[in-house]
Amino acid sequence: MESHVQHPSSNDVVVNVRGDSDSDSRRLNPTDHAFSSQQQQQLLEGKERRESLVLAYKTLGVVFGGLVTSPLYVYPSMPLKSPTEDDYLGIYSIMFWTLTLIGVVKYANVAIRADDHGEGGTFALYSLLCRHVNIGILPPKDVGLNTIKDVQKRTLLAKFFQTSLVARRLLLFVAMLGTCMLIGDGILTPAISVLSAMDGLRAPFPSVSKCSEAMFADLGHFNPKSIQIAFLFTIYPSLVLTYAGQTAYLIKHPNDHDDGFYKFIPTSVYWPIFVIATSAAVVASQSLVSATFSVIKQSVVLDYFPRVKVVHTSKNKEGEVYSPEVNYILMVLCVAVILIFGDGKDIGNAFGVVVSLVMLITTILLTLVMIMIWRTPAVLVCLYFVVFFVMEGVYVSAVFTKFAEGGWIPFAISFILAFIMFGWFYGRQRKTDYELTHKITFERLEELLADRSVNRVPGLCFFYTNIQDGLTPILGHYIKNMKSLHKVTVFTTLRYLLVPKVAPQDRIVIKKSNLKGVYCCMIQYGYADALNLEGDHFVDQVISSLARHIQKHQSQENLSDSEETEEETSNLEEARLAGVVHVRGKTRFYIGPNCNWFDKFVLSFYEVMHNNCRSGLPALGIPPQQRIEVGMLYEA
């Protein structure tokens, strides 16, 4: 039955409703639509709040696990001899103000705002500085993505870094040291957390023998709001109360500081607390391990670390990554540290060096961000720098007194990691320099193809090159020996930008050459993007981009000959059907007798790493039967 229709006023909207006999016309006022939009906005805000609360709950283990288990080992790791009540009150005062100033003020309110589009950590701060001010050692990677163009607005400090190679190298060294120390933290945190938890067995069984940067580095796993909620409303008050309880107990029992956590637990709940503490210690290991995965992935993508397998564990958050190879290496090193330095105090000393240095490095980099990017008033910058640099500098100087008693461990780990990073970076840069010096221009390619002995064979070829202004010297080596080139050849460059993510419309950049069937393609990725394109999907994307580029070129040039455009487009599909092949260079350095001892040593080390690391092509999901590697020696 159709409802009766009333004559509406000018401000009403009539809706005819067909249905039961009881149905009638409904008149909706425009304010109903506004109310509906307001309801939707409220629903979205409510959903965001719920998601933040869920993430805040997850951060308790992944981000703050190492911090919340600190009461297990803080007091036992202190070299206290006949402590008095004043000593314990002084220690608790230091704990309280450290948690308040460094935890609440510095990390939860300042450092967390210096994320590089969701990515945190010392290397992300370095990337942020390089991207905005262009003060890195790497060649500029500016393609108009979130970069500062107005040189006149740059600060004097930014200009100083741009003109001083020594300053830029020093900044890179500081960033590398912070990264290496954080990775070392990922080795020491599981060791000290689990050992400290297991110390609970020594009370009933005497015969049994013997964390704030993660909050920042794990930004890729969680959003800032969830981390702030978890720290300010759960972690911070819990730690303040826990340390207060420990201190109150130790004032009455001053000689129990070696087991300051388990001693004040009532006997009736001893074993349940022991199980909870041990489980929490296992979970705590995940916080720094997750941060280690994140910073290593950033380093790999920016070409400062050998390529390792990186698995993205979330479809929604690219920052959630896992590296099985790194995980096994961390396991071996962690077990080695426990077996060699079974005493928790030695590991505690090493742990103190790591944490203090990483905090100090973060303060330095954050100060540079405040001056060169945020343009914070000088008074606030000075206040921030003086307070935290002095406080953390005192901590660093204090833990250095324990250098011989385990404090050297993180430096040994960092030295090895820094040597790996430097060796890899130096080798990659030397290869890039060689390719830029011996690159093949399009004029030279035209001369090579003009040779009648060189044939254009059917098929689609992706020829990978590391340089953007010209073509890899491997191309000339390939044509001279193979005497052929595919009818459709796409010179492809994988370009990693100093941004976490690249917009989809900016990901594939196509450029057509003057040679028939020869194109240039640049695949752009940020260090938080996942190189998880499957082979066929990758080819589809490039073919579609090429077709759009050809059509766009015709419209821009006002070309009336559409047959030529159709022919060029059909050639792409024919070439694909004939077969797809991906060609990359397998280059090595020829280290001759004229090389100096430094190049011989560092480049030989680079070759060892390069021969044992993963290839860049499998990351694109290219089937092995479609890959061709062309070997060539580069003279060092």
Side-chain angles (χ1 to χ4, degrees), residues 59 61-67 69 107 115-116 118-127 175-194 211-222 227 281-302 304-314 317-338 347 350-351 353-355 357-359 361-362 409-421 424 500 527-528 613-614:
T59 62
V62 177
V63 178
F64 298 110
L67 189 59
T69 56
Y107 280 103
D115 66 292
D116 195 10
E119 297 290 330
T122 53
F123 213 76
L125 283 176
Y126 175 73
S127 169
M176 278 189 172
L177 180 62
T179 301
C180 294
M181 283 289 176
L182 186 60
I183 296 172
D185 205 354
I187 297 170
L188 295 173
T189 297
I192 193 170
S193 298
V194 176
C211 237
S212 302
E213 177 66 18
M215 181 198 314
F216 184 39
D218 277 324
L219 272 178
H221 295 255
F222 304 94
I227 293 177
V282 174
V283 175
S285 306
Q286 182 63 32
S287 62
L288 267 301
V289 171
S290 298
T292 301
F293 294 153
S294 180
V295 296
I296 286 183
K297 185 227 175 183
Q298 295 173 19
S299 303
V300 167
V301 175
L302 291 175
Y304 282 95
F305 202 84
R307 288 184 294 267
V308 294
K309 183 178 182 180
V310 175
V311 179
H312 292 263
T313 58
S314 172
K317 293 187 69 64
E318 295 291 345
E320 295 185 16
V321 294
Y322 164 74
S323 174
E325 295 154 352
V326 174
N327 189 53
Y328 286 124
I329 292 173
L330 289 177
M331 179 193 71
V332 172
L333 292 177
C334 181
V335 172
V337 167
I338 293 175
I347 301 178
F351 189 68
V353 171
V354 167
V355 173
L357 269 177
V358 171
M359 290 193 302
I361 290 171
T362 302
I409 300 174
F411 286 97
I413 295 172
S414 297
F415 176 79
I416 295 172
L417 291 171
F419 183 68
I420 291 173
M421 294 178 74
W424 181 263
Y527 64 74
C613 75
R614 291 180 176 269

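We number each residue from 1, following the sequence as shown. If you're wondering where the values come from, they're calculated on a predicted model, not measured in any experiment.
- At a threshold of 4.5 Å between non-hydrogen side-chain atoms, the residues Val310 and Phe293 do not count as touching.
- When each of Leu333, Val354, Ile187 is checked for a side-chain contact (heavy atoms from CB on, under 4.5 Å) with Ile413, only Ile187 meets the rule.
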Q.
Does Trp424 form a side-chain contact (heavy atoms from CB on, under 4.5 Å) with Cys613? I'd like the steps, not just the answer.
A. CA-CA 11 Å; Trp424 181 263; Cys613 75; 3.5 Å; yes
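- Val308 and Ser323 get closest at one heavy-atom pair: CG2-OG, 3.8 Å.
- Separation of atoms OH (Tyr322) and NZ (Lys309) is listed at 9.0 Å; rounding is to 0.5 Å.
- Nearest heavy-atom pair across Leu182 and Val358 is N-CG2, 4.0 Å.
- Shortest non-hydrogen contact noted between Ala350 and Ile409 is CB-CB, 3.9 Å.
- When atom types are taken as modelled, the side chain of Arg307 and the backbone of Arg614 share a donor-acceptor pair closer than 3.5 angstrom.
- The shortest distance between side-chain heavy atoms of Phe411 and Leu357 falls below 4.5 Å.
- Atom CZ of Phe415 has 12 or fewer neighbouring heavy atoms from other residues, nucleotides or ligands inside a 6.0 Å radius.
- When side chains are defined from C-beta on, Ile227 does not count as touching Tyr107, because their heavy atoms never get closer than 4.5 Å.
- The shortest non-hydrogen separation linking Met181 to Pro410 is SD-CB, 4.0 Å.
- Partner Ile420 forms a side-chain contact (heavy atoms from CB on, under 4.5 Å) with one of Ser299, Pro306, Cys180 and no other, that one being Pro306.
- Between Val295 and Ile183, the shortest heavy-atom contact is CG2-CG1, 4.0 Å.
- Contact detail for Leu177 and Ser414: the closest heavy-atom pair is CD1-CB, 4.5 Å.
- Taken to the nearest 0.5 Å, the OG1 atom of Thr292 stands 7.5 Å off from the CG atom of Asp185.
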